Amino acid sequence: MMMKCVRQLSEILASEEASTINTSSTCKASLEEWNAELEKVLFADPDEAKVTAGDKENSEEIEVSADEAKAEIDDVTRKLRDAFVLALAKSLGTESTEKTVCDHLALISTSTEKDDNTSADISIVIVDVTSWAWLECVVRTSSVFLRWYLQRFLQKYPLVYPMSSAPFQSLSMLTMILFLIEHNANNIEEDHDDNSHGQRFARHASLLLFYATFSPRSPNDEDMQKTHQRLVDDLRFIPRALSLLTYPTQTSAPLTLSLIRNVHNLLASFEGTIKVVQQTGFPYDSNTAQAPWNPKPDENTNGLITYPSIFRDVLIWALNAPHLPPFPGSTQDKRPELVVEILGIIFAMGGTEVSRALRYPCPNAALSQLVVTSLKSLSSDDDKRVYQVKLSTITILTDASPSFGTFLVEQGALPALLEIAQRQMDTVIDNIQVNDKAVSALVPSLAVLYKFSAGNPTFRDATKELVFPPAQEEEFWKLAKEQLLLNNQHQDAATDDNNDNNNNNNKQVPAKNNNMQPLDAPRGTLRWKLIHLMTWTESHIKRYASELLWALCEENPKEFVLRTGMGNAIGFLGAKGMVQIPNNN
């Protein structure tokens with residue numbers, strides 16, 4: 001399957017029908033069938049995909065070296081690029097070179113450019129509708145092929161530079177891709193299946209832009225850095241994307257998701273992007289800001305439409321829009337992925353923005369309520385997508401102010417936060433996972449609980465009641481008093497014995513009991529799980545579990561030892577310099 005799909009695509013693109021755009025033949029149908037088959041592999045459940053792909057590769061694999069495979073992929077990518085340029089040129093009625101097509105687009109853009117320097121509503125006359133239909137098919141094929149290259153090919157073969165996506169990274173190619181996004185997003189033609197043809201075409205072009213400009217080595221890929229600089233500086237992608245998220249009246253969730261992923265890619269990979277994002281904004285005009293999420297200005301930026309305001313409005317729309325099916329919708333609904341992507345961007349933009357927005361009292365009421373809704377109101381029992389939304393919400397809470405914990409307590413969201421953490425603990429403890437996946441899932445939850453407990457007494461007290469239920473506290477403190485009495489008796493007896501110069505061997509000294517185990521932590525309870533993680537092999541899990549329990553004990557070493565046991569506590573207390581741990585000498 002690995003190289004068979006490459007050679008199948010190469011044959012389709014090399015056919016006479018493809019080179020002459022004779023789409024009345026079976027060529028376009030062959031390309032659409034190829035897309036559908038490869039998308040099944042790419043969109044399949046990861047575990048199922050491994051089995052399916054493994055069965056096919058064992059029977060159909062074409063064994064080639066990495067260099068040979070890379071050469072074939074490069075050749076197909078160039079064919080896709082050439083088919084793209086030829087189809088666009090014929091659609092516009094111009095010569096089929098990158099420069100000629102770009103000059104033609106530049107002339108159109110100049111004549112329609114807006115005064116406010118945002119992207120223009122580019123409108124052109126398609127002189128060859130057959131070529132235009134073929135172009136959409138080629139654009140879709142290019143995005144699917146580059147996605148396969150990134151997600152499947154690079155997993156099997158070592159990364160060889162330059163990347164095979166390079167033919168789509170020139171300034172002229174990026175210009176043409178952006179033109180297709182803007183033209184199709186702004187020109188709506190309703191299709192028979194109630195899905196806008198223009199929106200679908202724009203999404204294919206946006207996905208192509210993403211896969212053509214994504215590198216696993218970013219931000220350390222020098223060639224891709226140049227590509228990103230073209231997008232950000234030369235083509236002004238950041239304000240143009242914000243325009244597309246603000247003005248078109250029927251922007252779909254799939255197109256929005258692809259646009260925001262492009263912004264996220266640049267934020268994560270190109271250093272200058274975050275400054276541009278922070279400085280980008282348009283004056284609000286209710287007559288033109290007609291996107292489905294009803295964009296409203298940012299109250300903190302003199303009434304401008306900004307990325308933070310758009311993210312806020314899209315999140316509200318995705319989670320609560322009354323005219324849409326209840327979140328998360330069907331398995332084909334892209335809103336859960338959209339929410340996760342936006343939360344990821346909010347986190348990528350840095351802790352200062354989140355800390356400013358998520359504090360108590362809440363200056364950003366919309367985002368604060370969305371956090372509560374995500375944690376408390378969304379059921380993730382049967383939907384992995386909703387669970388991922390919850391995990392992404394917890395990730396941005398790692399940058400929230402500890403004072404925000406008061407809002408979570410007041411809104412009744414704390415039990416939901418602990419429930420997520422406990423679910424992750426179960427996965428780690430039951431499977432004895434010590435890999436990166438376990439760390440990435442559990443550490444943020446523990447970090448948030450510790451940070452809020454250490455810095456917010458209201459949150460700490462509420463969390464302590466859930467970890468150490470009041471109904472069991474009377475029994476715990478009864479055991480604690482007995483333990484402390486034994487400790488004092490032993491200490492007194494030991495002191496007397498040391499001072500007894502007559503060395504009276506008949507004197508009885510109470511048996512030493514150092515409280516090596518927790519006094520009250522029945523197996524399976526939340527407190528047992530946290531205590532169990534204090535000695536976990538992964539350092540981050542061990543640290544945050546210990547720090548959380550330390551904060552819940554109000555940094556009282558005596559209570560800490562009584563609740564967790566000296567055997568579990570001694571390493572942590574030793575690291576804090578509160579007990580002297582003997583060395584081997």
Side-chain angles (χ1 to χ4, degrees), residues 1-23 25-39 41-42 56-57 60-90 96-99 101 131 134-174 176-177 204-205 207-217 221 223-224 226-227:
M1 183 66 180
M2 181 65 72
M3 294 306 297
K4 183 178 179 181
C5 68
V6 177
R7 296 184 178 178
Q8 287 175 338
L9 180 57
S10 180
E11 291 174 2
I12 296 172
L13 294 172
S15 66
E16 182 179 354
E17 293 91 344
S19 61
T20 58
I21 316 185
N22 180 12
T23 51
S25 68
T26 59
C27 183
K28 185 169 178 287
S30 298
L31 206 55
E32 290 176 340
E33 182 180 354
W34 182 92
N35 280 322
E37 287 298 319
L38 196 58
E39 283 178 339
V41 176
L42 293 172
K56 290 186 176 181
E57 287 175 10
E60 303 176 3
E61 182 60 62
I62 302 172
E63 291 296 337
V64 294
S65 67
D67 290 338
E68 291 173 332
K70 175 70 164 53
E72 290 190 41
I73 291 172
D74 288 348
D75 180 64
V76 169
T77 309
R78 286 190 294 269
K79 288 179 179 177
L80 285 168
R81 185 267 320 271
D82 293 343
F84 179 108
V85 175
L86 176 61
L88 181 55
K90 288 197 172 187
S96 56
T97 66
E98 288 185 31
K99 184 179 185 307
V101 174
S131 297
W134 173 248
L135 174 61
E136 181 184 0
C137 193
V138 170
V139 169
R140 177 191 175 195
T141 303
S142 300
S143 69
V144 171
F145 181 70
L146 291 181
R147 178 177 181 175
W148 168 86
Y149 164 72
L150 289 166
Q151 295 183 354
R152 297 303 170 91
F153 177 80
L154 293 184
Q155 288 184 356
K156 181 170 183 178
Y157 291 94
L159 198 55
V160 181
Y161 278 79
M163 291 185 66
S164 294
S165 52
F168 285 93
Q169 295 168 9
S170 67
L171 182 60
S172 58
M173 288 303 300
L174 295 174
M176 287 184 271
I177 296 171
H204 291 325
L207 289 172
L208 173 57
L209 180 67
F210 176 78
Y211 294 119
T213 59
F214 180 85
S215 170
R217 290 187 58 185
D221 184 337
D223 291 334
M224 195 61 78
K226 295 176 182 177
T227 300

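Note: hydrogens, waters and symmetry copies are ignored here, and every other heavy atom, side chains too, is used. Since the structure is predicted, the reported quantities are computational estimates derived from the model, not experimental observations.
Summarising the geometry of Y149 relative to S164, their closest heavy-atom pair is OH-N, 3.1 Å, with the distance given to 0.1 Å. Contact detail for W148 and V6: the closest heavy-atom pair is CH2-CG2, 3.4 Å. Across every non-hydrogen atom of P162 and K70, the tightest pair is O-NZ, 2.8 Å. Contact detail for Y211 and L150: the closest heavy-atom pair is O-CD1, 3.6 Å. The nearest pair of heavy atoms linking R140 to A36 is NH2-N, 4.1 Å. Minimum heavy-atom separation, V144 to L42: O-CD1, 3.8 Å.
Taking 4.5 Å as the limit, some side-chain heavy atom of E32 sits within range of a side-chain heavy atom of C137. Counting heavy atoms from C-beta on, the side chains of S165 and T77 never come closer than 4.5 Å. Residues D75 and E72 form no side-chain contact, since every pair of their non-hydrogen atoms from C-beta on lies 4.5 Å or further apart. In this structure, the side chains of W134 and L31 come closer than 4.5 Å at one or more pairs of heavy atoms. Here the side chains of I73 and F145 are in contact, with some heavy-atom distance below 4.5 Å. In this structure, E39 and R147 have side chains that are not in contact, with every pair of non-hydrogen atoms separated by 4.5 Å or more. The side-chain heavy atoms of F84 and L208, taken from C-beta on, include a pair separated by under 4.5 Å. Put simply, the side chain of V85 reaches to within 4.5 Å of the side chain of M176, judged on heavy atoms.
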Problem - Check against side chain to side chain contact (heavy atoms under 4.5 Å, CB included), E136 and H204 - result: CA-CA 8 Å; E136 181 184 0; H204 291 325; 3.8 Å; yes

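With rounding to the nearest 0.5 angstrom, the OG atom of S10 is 9.5 Å from the CD1 atom of I12. Rounding to the nearest 0.5 Å gives a distance of 5.5 Å between CG of L88 and CG of L135. The line from CD of E98 to OG of S172 is 3.5 Å long, rounded to the nearest 0.5 Å. For the atom pair L13 CG and S30 OG, the distance stands at 11.0 Å (nearest 0.5 Å). Interatomic distance, NZ of K226 versus CG of D221, reported as 10.0 Å (0.5 Å rounding). If you take CD on Q8 and CD on E37, they are separated by 8.5 Å, rounding to the nearest 0.5 Å.
For the side chain to side chain contact (heavy atoms under 4.5 Å, CB included) test, residues two or more places apart in sequence or in another chain that qualify with A66 are Y157, P158. With sequence neighbours excluded, no residue forms a side-chain hydrogen bond (donor to acceptor under 3.5 Å, both in side chains) with T213.
In terms of modelled atom types and a separation under 3.5 Å, the side chain of R81 and the main chain of M173 share no donor-acceptor contact. Panel note: side chain Q155, backbone Q151; a donor-acceptor pair is recorded below 3.5 Å. A donor-acceptor pair is defined here as one N or O able to donate and one able to accept, closer than 3.5 Å; such a pair exists between the side chain of W34 and the backbone of C5.
A salt bridge does not link D82 with R78: every distance from a Lys NZ or Arg NE/NH1/NH2 to an Asp or Glu carboxylate oxygen is 4.0 Å or more.
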